[in-house]
Asks: 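Pasting in a structure now, in structure tokens, and then I'll have a few things to ask.
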Amino acid sequence: MPDSDVKAPLLNSDPETVEDVFDNTYKEKEGPKPPVVIVWRNVILMSLLHIGALYGLSLIPVACTLTLMWSVFCSVFSALGITAGAHRLWSHRSYKASLPLRIFLAIGNTMAFQNDIYEWTRDHRVHHKYSETDADPHNAVRGFFFAHIGWLLVRKHPDVIEKGRKLELSDLRADKVVMFQRRYYKLLVPLMCFFIPMFVPWYMWGESLWVAYFIPAVLRYTMVLNATWLVNSAAHMWGNRPYDSNINPRENKFVTFSAIGEGYHNYHHTFPYDYASSEFGWRLNLTTCFIDFMCFLGLASDRKRVSKEMVLARAQRTGDGSHRSG
Ligand code: ST9
Ligand code: ZN
Ligand code: ZN
């Protein structure tokens with residue numbers, strides 16, 4: 001792995017560090033919890049989306065090979081818009097990206113349709129800072145279903161909004177790409193998430209509009225959504241905790257595989273500023289390969305990385321004993 005510009009980790013007091021470090025001074029409010037308010041519009045839309053995706057699965061045998069290849073391309077492109085974009089770049093600032101790369105990632109991110117980058121990042125920083133508490137948007141203590149999809153079907157806990165409003169987000173407001181995407185999001189999402197994935201196979205190689213809508217658009221969107229949600233659900237419940245056994249996030253191989261490198265979640269919550277989101281560089285980590293390739297092309301720089309010594313020391317101090325170096 002090229003590491004010419006890989007930097008030592010920043011200290012929490014470094015001005016470049018974003019607010020993604022766990023705040024152990026926050027205490028959940030005592031007394032009864034606020035009532036759960038179901039948003040039926042979201043329940044209906046998410047149900048229809050998942051029924052459409054199941055139908056899309058049944059159409060795979062009649063789809064052109066090129067359509068299936070295009071669906072894989074759209075999956076990887078939209079996934080990178082989340083992993084390399086909203087997550088490692090905008091939420092954690094774990095490396096720097098040039099304008100063309102930020103535009104590329106924002107397009108992929110819009111294809112992924114997981115709320116705009118500003119909203120995604122705000123929710124994600126609040127997730128790291130108040131993990132597994134009322135102020136965590138997808139608090140995994142409330143169970144697998146809530147952490148996976150349930151949190152998008154109900155009104156947020158007031159503490160999420162209260163704590164989220166106090167976060168420092170000026171870096172996002174200063175990024176023209178982020179603010180442009182936010183401003184035109186309602187227009188750009190139907191175009192990038194549904195229309196383009198459907199139009200290309202129909203126009204370029206004569207796929208039926210029906211198949212082109214249900215496979216590269218609906219099925220691909222639903223699969224990337226679920227792969228992402230698994231990081232919040234499965235990777236907060238099942239797996240080892242080699243780096244910090246005091247926190248819930250785990251190392252989960254299945255999630256790592258399906259979320260192109262984002263399942264090393266015990267490592268990630270312990271060292272959120274590491275651009276590789278893992279101790280092991282390229283291993284099962286397409287996102288890290290992509291960021292390194294962008295550095296090679298001169299489109300990215302300043303990758304932050306945690307040293308081996310620091311990882312080992314932390315694993316010995318707070319890990320669950322399952323750490324294997326190398
Ligand atoms: C989706 C997101 O799926 C997925 C994110 C997953 C994150 C995973 C992270 C894991 C690590 C990375 C791994 C990546 C792996 C990728 C693998 C790929 C293969 N702070 O929202 P409202 C304010 S989206 C501060 O309506 P309600 C807000 O600004 C799917 N303020 O709350 C507003 O204020 P104002 C598609 C906040 O009413 C007010 O509060 N999208 C915060 O409770 C009300 O906001 C959907 O389905 C905050 N954190 O409704 C949309 N939050 O009025 C779903 C809110 O002043 N969302 N505010 O502007 C909704 O419909 C609603 O948000 C709701 C809550 C019903 C869920
Ligand atoms: Zn994160
Ligand atoms: Zn997490």
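Both counts, for ligands and for their atoms, begin at 1 and track the order of listing. Side-chain atoms are counted along with the backbone in the values below, which use heavy atoms only and exclude waters and symmetry mates.
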Asks: If you scan the protein for heavy atoms around atom 11 (C) of ligand 1, do you find one that is closer than 4.0 Å?
Replies: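 It does; a protein heavy atom is within 4.0 Å.
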Asks: Do the side-chain N and O atoms of Arg283 and Thr256 include a donor-acceptor pair separated by under 3.5 angstrom?
Replies: no
Asks: Which atom name would you report as the N, O or S atom of His128 nearest the Zn ion (ligand 2)?
Replies: NE2
Asks: Verify the distance criterion only: is there a donor paired with an acceptor across the side chains of Tyr243 and Glu279 at less than 3.5 Å?
Replies: yes
Asks: Verify the neighbour count for atom CZ of Phe257: are there more than 12 heavy atoms of other residues, nucleotides or ligands below 6.0 Å?
Replies: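 Counting neighbours around CZ of Phe257, 12 or fewer heavy atoms of other residues, nucleotides or ligands fall under 6.0 Å, so no.
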Asks: Does any donor atom in the side chain of Tyr95 or Asp292 lie under 3.5 Å from an acceptor atom in the other side chain?
Replies: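 No.
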Asks: Say whether Lys163 and ligand 1 are in contact under the criterion: heavy-atom distance to a ligand atom below 4.0 Å.
Replies: no
Asks: Specify the protein heavy atom at minimum distance from atom 2 (C) of ligand 1: its residue, its atom name, and the distance to 0.1 Å.
Replies: Gln114 O, 3.6 Å
Asks: How wide is the angle at the Zn ion (ligand 3) between NE2 of His236 and NE2 of His265, to the nearest 10°?
Replies: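 Value returned, to the nearest 10°, is 100°.
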Asks: Do Ser91 and Trp120 get their side chains close enough for a donor-acceptor pair, meaning under 3.5 Å?
Replies: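 Ser91 vs Trp120: no donor-acceptor pair found between side chains.
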Asks: Please step through side chain to side chain contact (heavy atoms under 4.5 Å, CB included) for the pair Phe113 and Tyr185, ending with a clear verdict.
Replies: CA-CA 9 Å; Phe113 180 19; Tyr185 198 61; 3.6 Å; yes
Asks: Parallel, tilted or perpendicular: which one describes the rings of His128 and His269, with boundaries at 30° and 60°?
Replies: parallel
Asks: Counting only heavy atoms not in Trp205, do more than 12 sit closer than 6.0 Å to its CH2 atom?
Replies: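 Yes, because the 6.0 Å sphere around CH2 of Trp205 holds more than 12 heavy atoms from other groups.
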Asks: Does ligand 1 come near enough to Trp151 that some N or O of the ligand is less than 3.5 Å from an N or O of the residue?
Replies: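 Not met; the criterion fails.
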Asks: Would you mind listing which atoms of ligand 1 come within a distance below 4.0 Å of any non-hydrogen atom of Ile82?
Replies: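 Answer, ordered by atom number: 14 (C), 16 (C).
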Asks: With a heavy-atom distance limit of 4.0 Å, tell me whether Leu225 approaches ligand 1 through its side chain, its backbone, both, or neither.
Replies: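 The part of Leu225 near ligand 1 is the side chain, not the backbone.
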Asks: Is there at least one pair of N or O atoms, one from Arg155 and one from ligand 1, spaced under 3.5 Å apart?
Replies: yes
Asks: Could you identify the single nearest non-hydrogen protein atom to atom 18 (C) of ligand 1 and state the distance to 0.1 Å?
Replies: Thr228 OG1, 3.5 Å
Asks: If you count the atoms of ligand 1 from 1 in the order shown, which ones are under 4.0 Å from a heavy atom of Ala227?
Replies: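 Selected atoms, number and element: 19 (C).
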Asks: Considering the options Ile117, Val18, Asp171, which one meets the side chain to side chain contact (heavy atoms under 4.5 Å, CB included) requirement together with Trp90?
Replies: Ile117
Asks: Please identify which atoms of ligand 1 are closer than 4.0 Å to at least one heavy atom of Ser258.
Replies: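 Reading through ligand 1 atom by atom, the close ones are 19 (C).
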Asks: Using a 4.0 Å heavy-atom threshold (strictly under), name the region of His268 that reaches ligand 1: side chain, backbone, both or neither.
Replies: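 The answer is neither.
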Asks: Which protein non-hydrogen atom lies closest to atom 20 (N) of ligand 1, naming both residue and atom, and how far is it?
Replies: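 The closest heavy atom on the protein side is Gly164 CA, 3.1 Å.
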Asks: Can you name the atoms of ligand 1, numbered from 1 with element, that are less than 4.0 Å from a heavy atom of Val154?
Replies: 64 (C), 65 (C), 66 (C), 67 (C)
Asks: Regarding His127, does it place an N, O or S atom less than 2.8 Å from the Zn ion (ligand 2)?
Replies: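 For His127, the answer is no, given that no N, O or S atom comes within less than 2.8 Å of the Zn ion (ligand 2).
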Asks: Considering only heavy atoms, does Leu153 approach ligand 1 within less than 4.0 Å through its side chain, its backbone, both, or neither?
Replies: neither
Asks: Please check atom 53 (O) of ligand 1 for a protein heavy-atom neighbour under 4.0 Å.
Replies: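 Within 4.0 Å: no protein heavy atom nearby.
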Asks: How open is the angle at the Zn ion (ligand 2) from atom NE2 of His92 over to atom NE2 of His124, rounded to 10 degrees?
Replies: 100°
Asks: Between the side chains of Glu262 and His268, does any donor sit under 3.5 Å from an acceptor?
Replies: no
Asks: Does the protein place any heavy atom closer than 4.0 Å to atom 31 (N) of ligand 1?
Replies: yes
Asks: What do we get for Tyr221 next to ligand 1 when only non-hydrogen atoms under 4.0 Å count, side chain, backbone, both or neither?
Replies: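 Contact part for Tyr221 vs ligand 1: side chain (C-beta onward).
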Asks: Atoms of ligand 1 less than 4.0 Å from Ala79 heavy atoms?
Replies: 18 (C), 19 (C)
Asks: Among all protein heavy atoms in this structure, tell me which lies nearest to atom 49 (N) of ligand 1, with the distance rounded to 0.1 Å.
Replies: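 The answer is Asp123 OD1, 2.8 Å.
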Asks: Could you walk me through whether Lys163 and Asp23 satisfy the salt bridge (Lys or Arg N to Asp or Glu O under 4.0 Å) test, starting with their C-alpha distance in whole Å, then the side-chain angles of each, then the deciding distance to 0.1 Å, before giving a yes or no?
Replies: CA-CA 11 Å; Lys163 291 295 174 190; Asp23 176 0; 5.7 Å; no
Asks: Run the numbers for me: atoms of ligand 1, each under 4.0 Å from some heavy atom of Leu152, listed by number.
Replies: 1 (C), 3 (O), 54 (C), 67 (C)
Asks: Should one rank Asn232, Leu80, Ile260 by closest heavy-atom distance to atom 9 (C) of ligand 1, which comes out on top?
Replies: Asn232
Asks: Answer yes or no: is there an ion pair linking Lys29 with Asp159, defined by an N-O contact shorter than 4.0 Å?
Replies: yes
Asks: Does a side-chain heavy-atom distance below 4.5 Å link Trp151 with Asp136?
Replies: no
Asks: Kindly indicate whether atom 24 (S) of ligand 1 is approached by any protein heavy atom to under 4.0 angstrom.
Replies: yes
Asks: Test of geometry: compute the angle NE2(His87)-the Zn ion (ligand 2)-NE2(His268) and round it to 10°.
Replies: 90°
Asks: Compare Met223, His148, Arg165 and give the one whose heavy atom is closest to atom 33 (C) of ligand 1.
Replies: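 It is Arg165 that holds the nearest heavy atom.
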Asks: Hey, which atoms in ligand 1 end up nearer than 4.0 Å to a heavy atom of Val160?
Replies: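 Close to Val160: 20 (N), 48 (C), 49 (N).
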Asks: So, are Glu28 and Lys33 salt-bridged, with charged N and O less than 4.0 Å apart?
Replies: yes
Asks: Below 3.5 angstrom, do we get any N/O pair linking Arg122 and ligand 1?
Replies: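 Yes; at least one N/O pair falls below 3.5 Å.
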Asks: More than 12 non-hydrogen atoms from neighbouring residues, nucleotides or ligands closer than 6.0 Å to CE on Met223, yes or no?
Replies: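 No, CE of Met223 has 12 or fewer neighbouring heavy atoms, counting only those of other groups under 6.0 Å.
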Asks: Report the part of Met46 (side chain from C-beta onward, or backbone N, CA, C, O) that has a heavy atom under 4.0 Å from ligand 1; answer both or neither where that applies.
Replies: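 Within the 4.0 Å criterion, Met46 contacts ligand 1 through side-chain atoms alone.
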Asks: Please tell me whether His148 and His236 form a close aromatic pair, meaning their ring centres lie under 6.0 Å apart.
Replies: no
Asks: Establish, yes or no, whether a centroid distance under 6.0 Å links the rings of Phe194 and Tyr221.
Replies: yes
Asks: Please lay out, stage by stage, how Lys304 and Asp20 fare under the test salt bridge (Lys or Arg N to Asp or Glu O under 4.0 Å).
Replies: CA-CA 14 Å; Lys304 294 174 199 158; Asp20 55 9; over 6 Å; no
Asks: Is any NZ, NE, NH1 or NH2 atom of the basic residue among Asp320 and Arg241 found under 4.0 Å from an Asp or Glu carboxylate oxygen of the other?
Replies: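 Looking at Asp320 and Arg241, the cut-off is not met.
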Asks: Answer yes or no: is there an ion pair linking Arg125 with Glu19, defined by an N-O contact shorter than 4.0 Å?
Replies: no
Asks: Considering only heavy atoms of Asn42, which atoms of ligand 1 have at least one such atom less than 4.0 Å away?
Replies: 54 (C), 60 (C), 61 (O), 66 (C)
Asks: Return the option from Glu119, Glu262, Lys156 holding the heavy atom at the smallest distance from atom 13 (C) of ligand 1.
Replies: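 Closest candidate by heavy-atom distance is Glu262.
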Asks: Compare Val43, Ile161, Asp159 and give the one whose heavy atom is closest to atom 40 (O) of ligand 1.
Replies: Ile161
Asks: Would you check whether Asn115 has a nitrogen or oxygen atom less than 3.5 angstrom from a nitrogen or oxygen atom of ligand 1?
Replies: yes
Asks: Would His269 count as a contact for the Zn ion (ligand 2), in the sense that one of its N, O or S atoms lies under 2.8 Å from it?
Replies: no
Asks: To the nearest 0.1 Å, how far is atom 5 (C) of ligand 1 from its closest protein heavy atom, and which atom is that?
Replies: Trp120 NE1, 3.4 Å
